Amino acid sequence: GSITTADGSALVKLGNTTVICGVKAELAAPAADSANKGYIVPNVELPSLCAERFRSGPPGEEAQAASQFIADVIENSQMIMKEDLCIASGKLAWVLYCDIICLDYDGNLLDASVFALLAALKNVQLPSVMINEESGLSEVNLKQKNPLIIRKHPVATSFAVFDDTLLIVDPTAEEEDLATGTVTIVTDEEGRLCSVHKPGGSPLTGAKLQDCITRAITRHKEVKKLIDKVIKSVTPK
Amino acid sequence: DTSVLAGLYGPAEAKISKELPDRAALEVLLRPKVGLPGVLERSREQLLRQTCEAVVLGVLHPRTAITLVLQVLSDAGSLLSCCLNAACMALLDAGLPLAALFCGVTCALQPDGTILLDPTARQEQEARAILTFAIASSERKVLMANTKGSCSVEEMQQCLAAAQRAADAVFQFYRDSVRRRYSKS
């Protein structure tokens, strides 16, 4: 991937918006109440270098809301089953820290973050881990690597709404600032809705929302083809 | 059994760093029942803030701050729509100029396909998907939508239609509450 020290990474450019996602895998003990589940921890960062409006310091509301959105997409679409991350029930499981950092903010952060996350997870190679029966310690075999099992491929499509009538797909920062509202639809390959995210903004009729959803489903097919093409070209033969 | 206490302060003088030159600056603070506010609360605050900004006529009060504080008293399911309803009633009670009223409705899609409105915590856990909508009083348009879990497009449309029908009951409750409040003054 783009980051050599990470277990999986991807750099996505949607117009001028540039987002990089790095996935690091660490080992941890599973939680007491779900002994056969690992963890996926997404974190979206909007550093001050990506746009003038973001100051350095603790994460602002937009970064936190984006992190929560990504966590919801992972959960709702079931792209990775946490059970697949478990190595030994109750003793050892993988923790995937997914850091999504925006390098250039020109609108449509959520779409780019979801793509970067999907591409990075497809790029992840996890070393195989065996638990030594006698000593009880884990042995990590860095020579033998396996890719992650990704069940679903969610794709996000964002729209900027102007005065309940006009819809613009994939808005730039300027369009977003002038818009009266935004809608983000996340679909998976079966045409199911993983998330409908409309944080306030001008009211939309049900018919307009349906229009957004149909466009999102069409766009999903194009994006999936593109991601598959790129992953195939990167995979070492 | 879910209850949320809402307090609205404003339009009051805003800090210079926060004031907007042409409209009121709206701020929402959501405090959970236990623990410190985390990422989930921030994301809900953003949803509530942008929903309120769409209905409050902020241009009538430029360079002011409107602060809405929500404290979760108990959570027995459908928390987000309870917060939405509390927010709207607080706006009504404060007498702020509004373009429309809104109400929050939660739909749970059960594994067998039936739609349940305002689910309890137990029903939420068993459900395949939970959809929360904020419906505006003008023509029942959708102000806010938030989904948890995946569903098909037809199911979403059915839930939306059910939520729009249920919104009538909530708006009637608003009317009755306001009428009661001002009847024996």
Side-chain angles (χ1 to χ4, degrees), chain A residues 41-44 55 58-73 75-79 151-152 154 161 163-164 179-214 216-217, chain B residues 17 26-30 37-56 84 87 99-102 109 128-164:
Chain A
V41 183
N43 183 32
V44 177
R55 301 286 143 143
E61 189 195 77
E62 188 160 354
Q64 296 202 29
S67 301
Q68 182 61 40
F69 176 75
I70 300 284
D72 285 341
V73 167
E75 179 83 37
N76 294 347
S77 63
Q78 309 237 292
M79 60 195 285
R151 289 156 199 269
K152 297 275 166 67
V161 182
D163 280 340
D164 327 1
T180 50
T182 54
V183 186
T184 305
I185 313 265
V186 183
T187 50
D188 69 9
E189 54 265 32
E190 291 161 23
R192 288 180 71 81
L193 291 172
C194 301
S195 176
V196 174
H197 186 246
K198 182 184 188 302
S202 56
L204 276 183
T205 54
K208 265 274 178 287
L209 203 58
Q210 182 57 42
D211 202 12
C212 296
I213 295 173
T214 15
I217 293 180
Chain B
S17 56
L26 190 67
E27 194 186 354
V28 177
L29 296 164
L30 177 62
V39 186
L40 181 63
E41 277 72 38
R42 288 273 168 274
S43 134
R44 292 209 165 139
E45 282 172 12
Q46 190 200 43
L47 291 175
L48 286 160
R49 184 172 54 83
Q50 293 191 304
T51 311
C52 294
E53 274 177 0
V55 292
V56 171
L84 281 164
L101 294 179
F102 60 90
L109 256 182
R128 230 185 325 135
I130 299 166
L131 298 91
T132 308
F133 298 104
I135 312 279
S137 58
S138 53
E139 295 169 37
R140 304 288 179 266
K141 287 192 188 173
V142 180
L143 263 181
M144 192 278 294
N146 189 40
T147 58
K148 192 168 169 205
S150 68
C151 62
S152 74
V153 186
E154 294 79 31
E155 285 166 346
M156 194 224 92
Q157 288 295 348
Q158 280 167 0
C159 287
L160 180 56
Q164 283 171 325

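In what follows, every chain begins at residue 1, and chains take the letters A, B, ... in the order their sequences are listed. Everything quoted here is computed from the prediction, not taken from an experiment.
The parts of B/L40 that come within reach of chain A are both its backbone and its side chain, each placing non-hydrogen atoms under 4.5 angstrom from that chain. Only the side chain of A/I213 comes within contact range of chain B, with at least one heavy atom under 4.5 Å from a heavy atom of that chain. Heavy-atom distances place both the backbone and the side chain of A/Q210 under 4.5 Å from chain B. Using a 4.5 Å cut-off between heavy atoms, B/R44 makes no contact with chain A at all. Interface residue A/S202: only backbone heavy atoms are found under 4.5 Å from chain B.
Of the charged side-chain nitrogens involved, at least one lies within less than 4.0 Å of a carboxylate oxygen, so that B/E45 and B/R42 count as a salt-bridged pair.
The side-chain contact (heavy atoms from CB on, under 4.5 Å) check on B/A163 picks up B/V105, B/C107, B/F133, B/I135, with sequence neighbours excluded.
Between the side chain of B/N146 and the main chain of B/T132, no donor-acceptor pair closer than 3.5 Å is present. Side-chain N or O atoms of A/T180 include one that pairs as donor or acceptor with a backbone N or O of A/V161 at under 3.5 Å. In this structure, B/E41 contributes its side chain and B/G38 its backbone to a donor-acceptor pair below 3.5 Å.
Interface check for chain B: of the options A/T184, A/T187, A/D188, A/L193, the most heavy-atom pairs under 4.5 Å are formed by A/L193. Note: B/K148 leads B/E53, B/K148, B/E155 in heavy-atom pairs under 4.5 Å with chain A. The candidate from B/G149, B/S43, B/A100 with the greatest count of non-hydrogen atom pairs under 4.5 Å with chain A is B/G149.
Residues A/S195 and A/F69 form a side-chain contact, since some pair of their non-hydrogen atoms from C-beta on lies under 4.5 Å apart.
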